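Keep in mind the model is a prediction, meaning the values are calculated, not measured.
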Amino acid sequence: MYAQKSIEEMLLRARNLSQSKLKPIVSQSLTRITKPHLQNPTNSTSQLLSTTKTSLFFTSFFSSQPTSSPPPPPSSSCLAITRDGNYDDATPKNAVCPGCGVHMQDKNPKKPGYFTKPTTQNPHALRNAHLVPVSTELELSNSVKQGGFVFEPENSDNPDVQFVKKPERPVVCARCHALRHYGKVKDPTVENLLPDFDFDHTVGRKLMSASVTRSVVLMVVDASDFDGSFPRKVARIVSETIEDNKIAWKEGKSGNVPRVVLVVTKIDLLPTSLSPTRFEHWVRQRAREGGINRITKLHFVSAVKNWGLKCLMDDVVDLAGKRGNVWAIGAQNAGKSTLLNAIAKCVGGGTGRGGGEEGKKVVSHLTEAPVPGTTLGIVKVEGVFPSQAKLFDTPGLLHPHQITTRLTREEQKLVSVTKELKPRTYRIKAGYSVHIAGLMRLDVEELSVDSVYITVWASPYLPLHMGKTESVHTMLEAHFGRQLQPPIGVKRVKELGKWVRKEFKVSGNSWDSSSVDIAAAGLGWFAVGLKGEAVLGAWSYEGVDIVVRNSLLPHRSPLFEVTGFTVSKIVSKADQALNKAKRQSEGKRKQKDPEETIPAESSLLTAGSGSSSC
């Protein structure tokens, strides 16, 4: 009893003192607790056990080692290789990777879902027990010095004493571990063993069924690649389901009418000069052309800067009700997992809302990485919605018409837009062309006016080149894979396939702003500004989707680019490598023929002297 009061007294005193004064208090309190028992050898066994328990408590209390680890997933090697994840309640929670949704196994590292069992540590085990302690004075751990208590005693009845537990780290698969810590997949060939994500079988049938609970489709689209990341197939399925089930619902039958919430992410990548009203009209028009007949809600958000997340969640919670299912759907690398992680942090200030435990922290462990296809299976995000409503993250839909699906990881990093887009504008005449790296080219073939403004909106890491159209074959042979990257390397140019041409006849009525865009899925777009008509030819690799649309960003750069390559690290490195190779080849040639070089120089000198003497 005396020991318990001393512990509580010490903790209450420690809360009101600085960290530098904690150490003497702990030492003094330990002396007060243990000294009576050391002086009186006739103590009972229960008192000795109480003293031992107190010492162990302080050892664990001021230890920076974790006290427990989450239970490992079941070690089963017979789990089917699937992408269904844990959308079914019958699936054990720890059988699926919380980062990507793949079924986990610990038998074969060459198969998807492999993980290593975490090692369990005894919090009471003394490290380096063979060493003799220098001092009997208790050493404070870093966690206490930082103001946090990491151990909670079993018999703590004092409500004034508050403890902070370390959050448990979830067990994730080896692939998620590599993506989180190294930003790349250690063995990409393992993913080839997974079947393609069957959207119709897993999510589509639930949306189309009239007897299931209410469905909310969180359709996530990348603002910097709207047409390339827009899920047209999902839009068609959802629109057809809405029309069919709406008729049944009006007739009094059971009808699941999905609610579509269109979420445009990464708006922080667009220039701040863009008008929100104009952008909303533009998005609604492109969504209708993409196949969505009815949009319940439209939201513009940024998961990086937490823009619009609270309003988005308020609308989704109202639409989902108490038992609805919310499906986050979008193309690969559209930002679904990043958005859901940001929502989990934002909801209720990080605490559960509605049906969850009061004050329970909402923690989302979805893996985020700047590479497409991070999520492999369906992942249920716990604790975000009230009552029995559920939120699911789904694998990114593969869009073969996006150019990023053909690129390597290193090439994707160059194409990916991570900062606010900046315009790069050319003023050119007919007969000239503009290259975006070695991935796309725009030819100005015919003009009804003298010149046209071409503004490039793409990743700043991509080099550009403007020159005469008649020299494009020389560009392909001499600069693709070198100054114009991606593709990185000459071999990759042949691997990506052949180029095909699409012709566009465009017109505009103003020189002050761009009228139309010619966009390539997964890459960027050319904005065309003119007052007249033009015939343009757009070139890219076969299968890449190129569309013409109303201009998204009508303004252009006040400074114009010049003929030739733009200044970039890729171009400068390629030039340095080329010059180095030339110098080495010239040096080798001189070393091979030193005798022929000297007479040639002497003969020239002789001829020169002879002519001067005349």
Side-chain angles (χ1 to χ4, degrees), residues 66 70 85-86 93 96-101 143 146-148 150 162-172 176-177 179-181 183 216 218-223 261-269 297 299-320 324-330 333-371 374-375 378-396 418:
N86 61 349
K93 182 179 179 181
V96 173
C97 175
C100 65
S143 58
Q146 294 173 1
V150 297
Q162 298 181 358
F163 299 91
V164 179
K165 289 185 178 180
K166 270 188 176 182
E168 295 180 350
R169 292 184 178 181
V171 179
V172 297
C176 286
H177 179 82
L179 283 173
R180 293 179 177 186
H181 295 279
V216 178
L218 213 62
M219 195 172 295
V220 182
V221 185
D222 186 353
V261 180
L262 183 60
V263 183
V264 182
T265 61
K266 305 180 184 180
I267 61 171
D268 55 294
L269 301 180
K297 294 289 183 179
H299 286 272
F300 304 132
V301 300
S302 170
V304 176
K305 298 189 177 181
N306 293 331
W307 294 347
L309 297 181
K310 188 177 184 304
C311 295
L312 169 63
M313 281 309 302
D314 291 341
D315 285 343
V316 173
V317 168
D318 293 339
L319 293 174
N325 293 332
V326 181
W327 302 90
I329 300 171
N333 209 31
K336 300 183 305 302
S337 299
T338 305
L339 174 64
L340 297 185
N341 283 340
I343 287 176
K345 295 178 184 178
C346 176
V347 169
T351 57
R353 49 190 300 174
E357 297 180 10
E358 200 68 30
K360 182 179 179 181
K361 283 284 182 180
V362 177
V363 181
S364 176
H365 302 291
L366 299 175
T367 299
E368 304 174 22
V371 295
T374 303
T375 306
I378 298 176
V379 184
K380 183 191 299 182
V381 184
E382 302 283 355
V384 176
F385 293 133
S387 301
Q388 300 179 11
K390 301 174 184 178
L391 174 62
F392 298 96
D393 185 20
T394 62
T418 57

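- One finds the CG atom of Asn325 at 5.0 Å from the CZ atom of Phe392 (value rounded to the nearest 0.5 Å).
- Annotation for Gly308 and Val301: closest pair O-CG1, 3.6 Å, computed over non-hydrogen atoms.
- With values rounded to the nearest 0.5 angstrom, Lys336 atom NZ is found 12.0 Å from Asn341 atom CG.
- Nearest heavy-atom pair, Asp393 versus Ser337, reported as atom, atom and distance to 0.1 Å: OD2-OG, 2.9 Å.
- Checked by atom type and distance alone, the side chain of Thr265 pairs as donor or acceptor with a backbone atom of Val221 at under 3.5 Å.
- Residues Asp222 and Asn333 form no side-chain contact, since every pair of their non-hydrogen atoms from C-beta on lies 4.5 Å or further apart.
- No side-chain heavy atom of Met219 sits less than 4.5 Å from a side-chain heavy atom of Ile329.
- Taking CG of Leu339 as the reference point, atom NE2 of His299 lies at 11.0 Å (rounded to 0.5 Å).
- In terms of heavy atoms, Ala320 sits closest to Val326 at CB-CG2, 3.8 Å.
- Contact of the Leu319 side chain with the Val261 side chain is registered, since non-hydrogen atoms from C-beta on lie closer than 4.5 Å.
- Inter-residue side-chain proximity for Leu218 and Leu312 is flagged as met; some heavy-atom pair is nearer than 4.5 Å.
- Rounding to the nearest 0.5 Å places NZ of Lys345 at 11.0 Å from CG of Leu309.
- Contact detail for Ala328 and Leu340: the closest heavy-atom pair is CB-CD1, 4.0 Å.
- Lys310 NZ to Ile343 CD1: the interatomic distance, rounded to the nearest 0.5 Å, is 13.0 Å.
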